[in-house]
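Each remark here refers to the structure printed beneath this line.
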Amino acid sequence: MQTINFLKPNRDNIKNYSIIGSFLVLISLIDVISNAFLKTNLTSFLPGSLSSLFPLILGLIGLNMMRIDYSGNKTLDKLNKNINTNNFNAVLTLLILFSIIKALPPSLNWMILDANISGDTKDACTGTGACWTYIKVWFRRFMYGMYPNEFHWRINTAFILVIALGFVGYFMKENLKKYLALYYVIIYPVIAYLVIYYLISGGSFGLQWVETGAWGGLSLTFIVSFFCLIFCFPLGMIFALGRRSNLPAIKYISICYIEFWRGVPLITVLFMSSVMFPMFLPEDFFMDKLVRVIIAITLFEAAYCAEVIRGGLQSLPRGQYDAAKSLGMGYWKMHIFVILPQALKLVIPGIANTFLALVKDTPLIFVVGLAELAGMLALAKTNPKWLGFAMEGYIFASIIFWIICYAMSKYSYNLEAKYKTER
Amino acid sequence: MSDPIIKIQNMNKWFGDFQVLKNINLEVEANKKIVVCGPSGSGKSTLIRCINRLEEHQEGDIIVDGNELSEKTKDIEKIRAEVGMVFQQFNLFPHLSILDNCTLAPIWVKKMPKKEAQELALDQLKKVQIDDQANKFPGQLSGGQQQRCAIARALCMQPKIMLFDEPTSALDPEMIKEVLDAMVSLAKGGMTMIVVTHEMGFAKEVADEVIFMDEGMIIEKADTKEFFANPKSDRTKLFLSQIL
């Protein structure tokens, strides 16, 4: 049998080295795991400082032995290339692994093992862990705000209808496909608005009127994000084109618009929309606070969208414009058929970025008294009966926001892949 | 003799302070083939880009098919639809298939029914021998195939004049021939062509007249045979001695 040098892996003996190496890493992991989960120190026979460094040293030697270039084993090569390129990276890898393992038991204990979910009152929460009872009791409030419990079906129905209408584009017949943009930019928002107005607001068809002040929770997050998203994109497109226009009036109006909205913080815009704006309106003219807020956020985000889209327009080579012009296309035909399809495809990541930021900006509407998901949390945590559970609430909200945002970003990746036809 | 289809009189053009075209006078009759040659930066490309107003000229007149090009020209799109152009970098639309590249303008600019446009496009693609690639995307084609597609795309608008802006300069030597073949057969079909190129073989084969430009001026304009056999100016002689 060949001698095994622990620090100088030898290519001729790949199998032995990789097996012994992974075995050493495994021992180090087992040591850390037993330490974290079972609270037993397997290496207690060693002196104190050496005992705590033991898994690191062992793991490092193990990874060093596995570090063989072009071993022929795909998994091993990938491992070496990504996390085990040199001793420094090997230490980082081990430290990250160890800290994840160390952090698992306390967080698991808090979130699941010691947590409570039974009962309906604060008294049910006796353990040291999280109090999910709080979330359970307040769940409807977090979802629907102050909307009357017996009418929650109206919100659900409205959402299902709006989502279903969103899929109409998939089932359109081939000869109607050219109206697709028209449908999504104009018809769909109008129908969605009507559905939400008549179902959620009510006031006709025998449905009781519920004022927008009572709306709230996640459903309000959805409503605000939905309208802002579908309106800010076309608006941004118009201002992006406007800023590149040859007509000075249009160009400077666009520049002023974009620079104005990019220069002010969203929170002041929201304040203005709800406090100052009504003062300038004639007395008999009434516009709902929610509508004003949605308009404010839309105008604000449109400026960001415009700049993202302008980036895409600028990245197209001049030859595309030349070719379209030389074929006799005018400004609009050139942009609709040649320029925008390419530019918008390029800016999908940037637009997704803006949209994610928009969704996460919606909690700001709390400053004007509208309580969406995060706003409801802020209200609930000050409820005298339920003091002291802010942590659970914010974790719950983070998870929900994360799911929404991750779904959106996943969707944007899909779009990118779908339109990646050439180049 | 018929009226010239393109007439340029005393045309001057500046890029900022720099004068790129100086006192250009040129008349092109229908069905004639003109080759424009000259060193880099001599204004050849700018000249033919002025003919369909991708560049604006500041002084003088350009009259294309009876329409004067100026700021007042309202229907510049209509004139451009009559003047096809092929670019050095092909400039196909990468998000559309080859067939859609060819049918886009006929359908939306000329309002041709889709089916008719597709038949026309396939016909034109067949002439440049890439009808079998019709459903591919530009990125999947070789440079020569892309340039032939660009020619077909311009021809689908059934133009009266074709402008070529160094159509073979961005191609591998092997692919130059297939593009030149397509241009030769187009020339034999009787199209009015203005070609900016360094392919002197092509010039000898099809051109009626050759124009030599330098520093924004037309130095020499002569019948093809005369131009090659008996160049008048020293500058032309020097250029020809280097390029041939």
Side-chain angles (χ1 to χ4, degrees), chain A residues 172-182 237 244-249 309 311-351 414-423, chain B residues 45 48-49 51-56 74-98 100-111 114 135-141 146 149-150 153-159 161-165 170:
Chain A
M172 266 193 189
K173 281 193 192 129
E174 198 58 38
N175 54 354
L176 289 174
K177 277 263 155 77
K178 56 184 158 186
Y179 301 113
L180 210 62
L182 181 78
M237 207 151 79
R244 287 168 59 80
S245 167
N246 289 328
L247 307 170
I309 295 172
L313 291 174
Q314 261 166 354
S315 66
L316 287 189
R318 186 178 162 206
Q320 292 292 313
Y321 293 87
D322 284 348
K325 281 184 199 164
S326 78
L327 288 168
M329 294 189 195
Y331 180 86
W332 290 110
K333 281 175 191 160
M334 173 170 80
H335 277 93
I336 291 171
F337 298 116
V338 177
I339 304 301
L340 282 175
Q342 295 183 63
L344 294 182
K345 193 163 61 187
L346 288 171
V347 299
I348 289 174
I351 288 289
N414 284 351
L415 275 186
E416 263 179 77
K418 184 175 161 192
Y419 291 117
K420 199 172 150 199
T421 44
E422 63 285 330
R423 275 178 208 262
Chain B
S45 294
I48 68 164
R49 286 168 65 86
I51 293 174
N52 66 354
R53 210 167 164 72
L54 289 178
E55 302 283 356
E56 294 171 14
K74 288 229 176 67
D75 285 337
I76 185 67
E77 284 89 29
K78 269 193 186 148
I79 300 169
R80 281 180 182 151
E82 304 277 300
V83 183
M85 184 149 183
V86 175
F87 301 87
Q88 183 177 356
Q89 299 294 342
F90 329 137
N91 294 345
L92 294 178
F93 306 134
H95 61 298
L96 298 176
S97 71
I98 297 300
D100 289 341
N101 261 283
C102 294
T103 57
L104 183 68
I107 290 174
W108 293 100
V109 177
K110 286 187 124 183
K111 312 280 178 213
K114 193 174 179 186
N135 291 318
K136 287 192 182 167
F137 283 95
Q140 297 166 309
L141 264 56
Q146 289 193 46
C149 168
R153 177 177 71 176
L155 289 175
C156 282
M157 289 297 285
Q158 293 159 321
I161 305 162
M162 283 285 283
L163 307 173
F164 292 83
D165 186 2

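Order of the sequence lines fixes the chain letters, A, B, ..., with proteins taken first and strands second; residue numbering starts at 1 for each chain. Worth knowing before you read on, the calculation uses all heavy atoms, side chains too, and leaves out hydrogens, waters and symmetry mates.
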From CD1 (A:Ile351) to CG (A:Leu415), nearest 0.5 Å: 11.5 Å
CG on A:Leu344 to CG on A:Leu313, rounded to 0.5 Å: 7.5 Å
Interface moiety of A:Lys333 toward chain B, non-hydrogen atoms closer than 4.5 Å: side chain
Region of B:Val83 in contact with chain A, defined by heavy-atom distances below 4.5 Å: backbone
Gap between atom CG of B:Leu96 and atom CD of A:Gln342 - 0.5 Å precision: 7.5 Å
Minimum heavy-atom distance A:Gly312-A:Leu346, with the two atoms named: O-CD1, 4.2 Å
Heavy-atom contact with chain A under 4.5 Å, split by part of B:Leu92: backbone
Engaged part of B:Arg53 at the chain A interface, taking heavy atoms whose separation is under 4.5 Å: neither
Segment of B:Phe87 engaging chain A (4.5 angstrom heavy-atom cut-off): side chain
Residues B:Ser97, B:Asn135; criterion side-chain hydrogen bond (donor to acceptor under 3.5 Å, both in side chains); working and verdict: CA-CA 6 Å; B:Ser97 71; B:Asn135 291 318; 5.0 Å; no
